[in-house]
Number of protein chains: 2
Amino acid sequence: MMARTRTSRDDSTAERILDVAERLVQTRGFNGFSYADIAAELGITTASLHYHFPAKAALGRALIARYAERFSGALHRIDQDLADARAKLAAYADLYAGVLGGKRMCMCGMLAAEYETLPQPMRSAVIRFFDENRTWLAHVLSEGLQDKTLTFASPEEEVAQGILSTLEGAMLVAGPYGDMAPFKSTVRVLLANLSS
Amino acid sequence: MMARTRTSRDDSTAERILDVAERLVQTRGFNGFSYADIAAELGITTASLHYHFPAKAALGRALIARYAERFSGALHRIDQDLADARAKLAAYADLYAGVLGGKRMCMCGMLAAEYETLPQPMRSAVIRFFDENRTWLAHVLSEGLQDKTLTFASPEEEVAQGILSTLEGAMLVAGPYGDMAPFKSTVRVLLANLSS
DNA sequence: GTCTATAGGCAGATAGAC
DNA sequence: GTCTATCTGCCTATAGAC
């Protein structure tokens, strides 16, 4: 009962639009690209874009929704695949490293900067993304206390907030240098502080 | 031999333009405001704005220049006024807290997000700002080893990079919540990790 | 679903009067 | 220095043919 002949990746126009728009948001910001940019890259017209996403705000909502879903999936996979909390945290940092390695900023970090200019639905989605990350991190930190792979003195929630802030900031500051080194330095110090 | 009757603050039109534009960059981003926004707020026309700053790129350059100069002054004042490295670091974090308390993002953090869309002169200025901050931090960290008010294992440069990243990220993530609490949590954890 | 054509608005920017 | 008037271009968005 397959709806389509695709293997796993969805090549529909809507998905290809999201792919291009996603890269543009992550590199230039939501206010830094236009429908014309996407259309030109895909070889279609802006009118076609409006068929799939009637307004830019709708495109924005779809972008965060898909991004957050993927990220959520990655977190669950980390939970399933890795045993100790220390390894989970390292894998979490690697998620960010992968994004930066693709010359991109975290989508929600980028949108956090532009927050004041965003339509309301996008704002709520950004908040939810951060909330989910903090919750997941706090859980991993609790685990780390139990399995003794992590050491820290402050409350889980504060440390979780610190980790999220540090990784988002590390991407933000490293971006302009076009170099992974500053990011890696920061991650090294961060993880060192959480080991005995 | 006073050039003007002002007390200390410069109320010239150019300065008032910079004041408004500065707030707009820090809250909405460089791509998130227009000459019309500034003009409306000051009760002048956009043509007048172009008299003072011929192009938006020129305004942008002036904005970073003034911001970086002020920040640099604040760092030197910290060096003069405070004795131990621990206190200097706390004062440094307070600089960021003050910006966030004014419902703003660090200007260069904001511009780092928009980096790809910026004219070249603004890009270099953003890089220089971060460089100066890292250098200053590394110096304070060295001091902290000597006066024994700071403890850390990683190289000064890496820790400096980590501090800068953490503070920028803490502002970025806290912004959307309109609340100082997440920022303060992060700073608390950060400073705790640098104390014995 | 994709196109052509176009509307309507706002962007950054300039000329020239006062 | 500040204005009015205007230009050009780009932006989001829509109508309607294919």
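Since the structure is predicted, the reported quantities are computational estimates derived from the model, not experimental observations. Chain letters run A, B, ... following the sequence lines, proteins first and then strands; every chain starts at 1.
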Which whole-number value in Å describes the distance from [X] [atom1] to [N] [atom2]?
X	N	atom1	atom2	result
A/E15	C/dG1	CD	C1'	16 Å
A/I38	D/dC10	CD1	C1'	15 Å
A/R16	C/dT2	CZ	P	8 Å

Non-neighbouring partners of B/P121 that pass side chain to side chain contact (heavy atoms under 4.5 Å, CB included), sequence neighbours left out: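 Per chain and number, B/P121 pairs via side chain to side chain contact (heavy atoms under 4.5 Å, CB included) with B/R61, B/P119.
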
Those residues that, when tested against A/E69, pass side chain to side chain contact (heavy atoms under 4.5 Å, CB included) (two or more places apart):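 Per chain and number, A/E69 pairs via side chain to side chain contact (heavy atoms under 4.5 Å, CB included) with no residue.
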
Please list, chain by chain and in numerical order, all residues satisfying ring-ring contact (aromatic ring centres under 6.0 Å, His included) with B/Y67, sequence neighbours excluded.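 B/F129.
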
ring-ring contact (aromatic ring centres under 6.0 Å, His included) with A/H50: which residues, sequence neighbours excluded?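 Counting only residues at least two positions away or on another chain, A/H50 forms a ring-ring contact (aromatic ring centres under 6.0 Å, His included) with A/Y35.
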
Under-4.0 Å side-chain N/O to phosphate OP1/OP2 contact, [X] with [N]:
X	N	value
A/Y51	C/dG1	yes
B/S48	D/dG1	no
A/T45	C/dC3	yes

Intermediate values then yes/no, side-chain contact (heavy atoms from CB on, under 4.5 Å), A/L59 and A/I38: CA-CA 11 Å; A/L59 172 61; A/I38 307 172; 3.8 Å; yes

Report, one line per pair, each donor and acceptor closer than 3.5 Å where one atom sits in a side chain of residues 73-82 of chain B; sequence neighbours left out.
{"residue": "B/H76", "atom": "ND1", "partner": "B/S72", "partner atom": "O", "Å": "3.1"}
{"residue": "B/D79", "atom": "OD1", "partner": "B/K88", "partner atom": "NZ", "Å": "3.4"}
{"residue": "B/D79", "atom": "OD2", "partner": "B/W136", "partner atom": "NE1", "Å": "2.9"}

Whether each nucleotide of nucleotides 11-18 of chain C has a protein heavy atom under 4.0 Å at its base (B), only at its sugar-phosphate (S) or at neither (-) is summarised, 5' to 3', as SSBBB---

